[in-house]
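Below, chains carry the letters A, B, ... as their sequence lines are ordered, and counting in each starts from 1. Values below: every heavy atom of this structure, side chains too, minus hydrogens, waters and symmetry copies. Just so it is clear, the model here is predicted, and its values are computed rather than measured.
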Amino acid sequence: MNISEKFFLFAAAFSAFCTLFVFVFMVWLALPVFRGGLFFQILTRPWLPDQGVYGIYPMIVGTGAISLASVVFAFPLSLGCAAFISGLAPERIGAYLRKTVRFMTGIPTVIYGFVGVFLLVPVVREWFDGGSGLCILSASILLAILISPTMILFFTDSFDRVPRSYLAAVDALGGSKVQKMLYVVLPYARQGVLTGTVLSLGRAVGDTLISLMIAGNAVAVPGSILDSARTLTAHIALVIAADFDSIEFRTIFACGIVLYGFTTLIVLLVQALGSWSRKPMRKHHDIR
Amino acid sequence: MKKIISRMGLNMYSGVMIIAMIFISGMISGAMATGLEDFAGEKGTIRISGGTAHIPVLKEVARRIMTNNSNIQISIAGGGSGVGIIQVGEGLVDIGNTGRKPTDEEVEKYALKMFKWAIDGVGVVVNPKNNVQSMTKVQLGDIFSGKISNWKALGGQDKSINVYTRDRASGTRDVFWKKALNKAEITPGANIVVSNGAMKTAVSNDPYGIGYVSVGYIDSSVSPVSLDGVVPTLQTVREGTYTVSRGLYSNTKGVPTGLIEKFIDYLFSADGQKIVSDKGFVPVK
């Protein structure tokens with residue numbers, strides 16, 4: 001093994017170790033919570049610190065609702081946008097849009113949150129009666145805007161990887177751009193589309209600021225999309241400010257472990273999707 | 001380990017909180033240098049964090065000191081009273097502000113020295129468009145516990161009430177909860193905001209919202225609500241007729257020395273106390 005190989009091995013081992021260390025760190029700090037079977041209670045109970053009940057169930061529901069809803073909003077938007085950029089739009093407009101999307105990935109979250117507080121929240125409050133506008137709907141719309149650029153870039157990249165010969169074949173048959181997109185590019189790129197979607201879900205789960213600023217942070221279990229909710233990440237941010245030496249503080253490591261679990265699940269899902277779609281594509285001629 | 005965690009808290013909060021970061025001002029103005037002579041020849045930095053009610057006064061004090069002496073740099077961050085205690089206790093800042101008296105436990109644990117330089121009321125506020133601008137303490141308790149959930153019950157519009165509250169690190173919440181709500185439970189459905197400034201923004205943007213802020217923060221963007229007939233103002237807090245009030249404390253770890261001591265002394269000087277009343281608080285001297 002030469003020097004450069006050793007270096008790369010070291011780098012890989014180091015980053016793997018870091019990931020593992022974070023997990024061990026969280027479990028270690030959450031140990032007092034684990035003892036006595038308290039851990040599973042924490043996952044299923046409400047958050048009532050005044051009564052000594054420190055369940056994070058409302059936050060788990062909040063995180064799930066907000067991140068799933070944001071993917072539901074972002075997916076059609078991103079798919080349409082990506083299809084337009086990499087196939088349907090005239091080349092110059094496509095290139096320009098692509099640059100814009102790249103630029104959007106660099107906008108800090110706090111700016112989306114800030115704009116959302118003043119533009120989106122009042123609109124949601126007035127359109128849907130009931131609630132303050134600081135709710136799952138507002139937060140997931142903004143998160144959708146946040147994760148869309150990543151999704152779009154992922155989609156366009158996989159659209160661009162469709163072999164030219166396939167596209168040429170469609171042209172030779174006299175197919176339109178839309179037909180090309182629907183019957184050749186989309187089926188061929190489905191792995192990229194799925195992976196991009198799942199990774200965006202991961203990003204939505206992990207985002208802190210938008211939910212902290214827009215979702216309202218209420219500790220009740222949300223009952224509708226117009227209810228205020230608190231995500232695991234926002235919860236960690238709020239509790240870490242209050243306390244450093246109590247059960248309340250320990251439970252945020254349980255939040256950390258749950259988030260870690262979510263992320264691991266997402267990574268595994270991406271890998272599973274990857275191996276599934278590496279199987280040869282099913283018969284092209286079936287696709288009308 | 002604790003240090004690392006506290007640092008995480010600090011970094012997170014520098015992103016999350018409304019941070020009033022003040023930089024050296026190049027202007028030189030000797031005209032207002034009353035009480036500021038003490039700072040002549042000093043240099044160094046003062047880091048302050050914690051209670052957000054204190055920020056308007058401390059910002060003005062910092063501006064004057066730094067204008068007078070460009071070798072002094074003062075940074076002021078929020079985070080709430082809990083953050084103030086932890087960060088000053090762990091040595092991350094020089095002064096930790098609290099909008100409540102630090103508990104005996106906290107004082108002992110971190111050897112805190114407390115300096116109460118103002119008295120502040122915590123007032124209920126609603127949107128200026130709201131025609132409900134007076135209520136009883138009982139009604140207030142029912143609103144915050146979720147028993148009353150529509151403005152109609154108070155003679156307002158037929159709209160649901162959006163309750164805003166602070167997180168548990170907040171001294172403002174502590175005082176409001178004890179003295180205005182008599183420790184009644186706050187509904188878990190309440191929206192939670194992270195600072196006095198954020199509370200004002202939330203209520204001023206929400207026609208159906210209700211929240212509470214330090215009296216020093218009340219301006220035309222929100223309307224104060226009279227409680228049992230008493231409007232929360234500088235006047236009523238001073239007279240003692242408005243009872244939801246508390247001291248504003250700046251705390252140091254151990255007895256302050258040097259620049260920090262001078263900063264605290266300035267808060268108690270005639271000039272400092274004038275700033276206190278200009279910003280809507282009751283001076284202690």
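Smallest separation of non-hydrogen atoms from B:P188 and A:A218: O-CB, 3.3 Å. Between A:L238 and B:V194, the closest heavy-atom pair is CD2-CG1, 3.7 Å.
Note: A:L212 CG to B:I192 CD1 = 10.0 Å, rounded to the nearest 0.5 Å. For the atom pair OG of A:S132 and CG of B:N191, the computed distance is 3.5 Å after rounding to the nearest 0.5 Å.
No more than 12 heavy atoms of other residues, nucleotides or ligands shown are found within 6.0 angstrom of NZ on B:K113. Heavy atoms from other residues, nucleotides or ligands lying under 6.0 Å from CZ of A:F10 number 12 at most. Around the CD atom of A:E126, the shell of radius 6.0 Å holds more than 12 heavy atoms that belong to other residues, nucleotides or ligands. For A:Y57, the OH atom counts as loosely surrounded, since its 6.0 Å shell holds 12 or fewer non-hydrogen atoms of other residues, nucleotides or ligands. Atom NZ of B:K137 sits in a crowded spot, with more than 12 heavy atoms from other residues, nucleotides or ligands closer than 6.0 Å.
Per-residue counts of heavy-atom pairs under 4.5 Å with chain A were compared for B:A202, B:G209, B:G189; the largest is that of B:G189. If you tally non-hydrogen atom pairs under 4.5 Å between each of A:A220, A:P58, A:C135 and chain B, the highest count goes to A:A220. Between chain B and the residues A:N217, A:V221, A:V117, the most heavy-atom pairs under 4.5 angstrom are made by A:N217.
Between the side chain of A:R125 and the main chain of B:N205, a donor-acceptor pair closer than 3.5 Å is present.
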